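Contents: one structure, followed by commentary.
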Amino acid sequence: MPDPNPAALDFLLTRRSRPAKTLGLPVPDRAALAPILEAGLRSPDHKKLEPWRLIVLNGAALMRLSQLIPDRGLALSYPPEEIDKQVAQYANADLAVAVVVSPQPSPQVPESEQALSAGAVCLQILNAALASGWGANWLSGWASHDPVFAREGLGLAEGEWIAGFIHIGTESSAPPERPRPDPSAKITWMDD
């Protein structure tokens, strides 16, 4: 017989990300962030490959990253508004955790499955931050997909890439609830 955890299920059924632009100071210190990151590292991981790593970025590191974006945006022919949006994502943040996909050689676990494990790390960190009372949001954007930005800004090795940045902070305002998927349109039951 299952041993339900109604509080955990209620949290999952009602959780919602907080827009990064509504997050500010204070942010969790290292002691408060440690269990959030540890929860992320408890994600599903076939064959225990640990095909991911985390980089915790504070305000100064995020500002440094924001300064790399204009030149990369111009080199990649992004319009000024897209460049400005990416600059703001980093320059206006106080704390973010970069989840890096770091594929490991494995004949049994394809890179796609390892990438999904890194995505699970992103979601675990996001939910652990929310469960800890912080506001949090999982963001990416064109800069995070640019190998030059990743290498120059974060020191990523060949073959590594960014699964996402989890922004964490104190929420300044709560947005209205957004529409959610209709289960009947997204779930197929196969009984035979």
Side-chain angles (χ1 to χ4, degrees), residues 17-30 32-34 36-41 43 45 49-106 109-126 128-129 134-170:
S17 299
R18 303 303 193 222
K21 63 185 174 187
T22 70
L23 304 178
L25 296 172
V27 297
D29 61 17
R30 286 182 182 213
L33 192 57
I36 294 169
L37 300 179
E38 187 176 337
L41 300 180
S43 293
D45 174 17
L49 296 177
E50 299 176 10
W52 23 253
R53 61 189 183 92
L54 308 177
I55 302 172
V56 180
L57 303 157
N58 63 24
L62 290 160
M63 185 58 71
R64 180 183 56 78
L65 289 176
S66 76
Q67 294 167 354
L68 299 175
I69 292 172
D71 287 343
R72 289 305 305 148
L74 289 172
L76 297 168
S77 301
Y78 279 97
E81 61 273 9
E82 287 297 318
I83 294 171
D84 292 345
K85 181 179 178 182
Q86 284 292 276
V87 168
Q89 178 178 318
Y90 298 91
N92 298 338
D94 297 299
L95 175 70
V97 178
V99 178
V100 178
V101 181
S102 187
Q104 303 299 308
S106 173
V109 184
E111 278 194 28
S112 59
E113 188 175 325
Q114 295 182 47
L116 292 170
S117 179
V121 171
C122 290
L123 185 58
Q124 287 276 94
I125 292 172
L126 176 70
W134 299 99
N137 198 316
W138 175 359
L139 296 177
S140 58
W142 66 260
S144 69
H145 303 297
D146 175 31
V148 174
F149 174 81
R151 184 179 64 251
E152 292 178 1
L154 296 167
L156 269 58
E158 186 69 32
E160 290 186 324
W161 51 278
I162 300 166
F165 289 92
I166 313 304
H167 290 252
I168 304 171
T170 299

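Computed from a predicted structure; not experimentally measured. In this chain, numbering begins with 1 at the start of the sequence shown.
With sequence neighbours left out, Arg151 forms a salt bridge (Lys or Arg N to Asp or Glu O under 4.0 Å) with no residue at all. Residues that satisfy the side chain to side chain donor-acceptor pair (under 3.5 Å) test with Ser144, not counting sequence neighbours, are absent from this structure. Listed by chain and number, the residues in a side chain to side chain donor-acceptor pair (under 3.5 Å) with Asp94 amount to none (sequence neighbours excluded).
Residue-environment remark: CD (Gln104) exceeds the threshold of 12 foreign heavy atoms within 6.0 Å.
Leu41 contributes atom CG, which lies 9.5 Å from atom CD of Gln124 (distance to the nearest 0.5 angstrom). Separation of atoms CG (Leu76) and NE2 (His145) is listed at 12.5 Å; rounding is to 0.5 Å. Here the straight-line distance linking atom CG of Leu156 with atom CD1 of Ile162 works out to 5.5 Å at 0.5 Å rounding. Interatomic distance, Ser102 OG to Trp161 CH2, rounded to the nearest 0.5 Å: 11.5 Å. One distance of note links NE2 of His167 with NZ of Lys21; it measures 13.5 Å at 0.5 Å rounding.
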Could you walk me through whether Ile125 and Leu37 satisfy the side chain to side chain contact (heavy atoms under 4.5 Å, CB included) test, starting with their C-alpha distance in whole Å, then the side-chain angles of each, then the deciding distance to 0.1 Å, before giving a yes or no? CA-CA 6 Å; Ile125 292 172; Leu37 300 179; 4.2 Å; yes
Run the numbers on Trp134 and Thr170 for side chain to side chain contact (heavy atoms under 4.5 Å, CB included), then give the verdict. CA-CA 6 Å; Trp134 299 99; Thr170 299; 3.5 Å; yes
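Ile36 is not listed as a side-chain neighbour of Ile166, based on a closest heavy-atom distance of 4.5 Å or more. Annotation: side chain of Val148 is in contact with side chain of Arg72 (closest heavy-atom distance under 4.5 Å). Side-chain contact check for Trp52 versus Val100: every heavy-atom pair is 4.5 Å or farther apart. Contact of the Phe149 side chain with the Leu65 side chain is registered, since non-hydrogen atoms from C-beta on lie closer than 4.5 Å. Between Leu57 and Leu95 there is no side-chain heavy-atom pair separated by less than 4.5 Å. By the 4.5 Å heavy-atom criterion applied to side chains, Asn58 and Val27 are not counted as neighbours.
Not one N or O on the side chain of Asn137 forms a donor-acceptor pair closer than 3.5 Å with the backbone of Ser17. When atom types are taken as modelled, the side chain of Trp142 and the backbone of Glu82 share a donor-acceptor pair closer than 3.5 angstrom. With hydrogens and angles disregarded, no donor-acceptor distance shorter than 3.5 Å links the side chain of Gln114 to the backbone of Val101.
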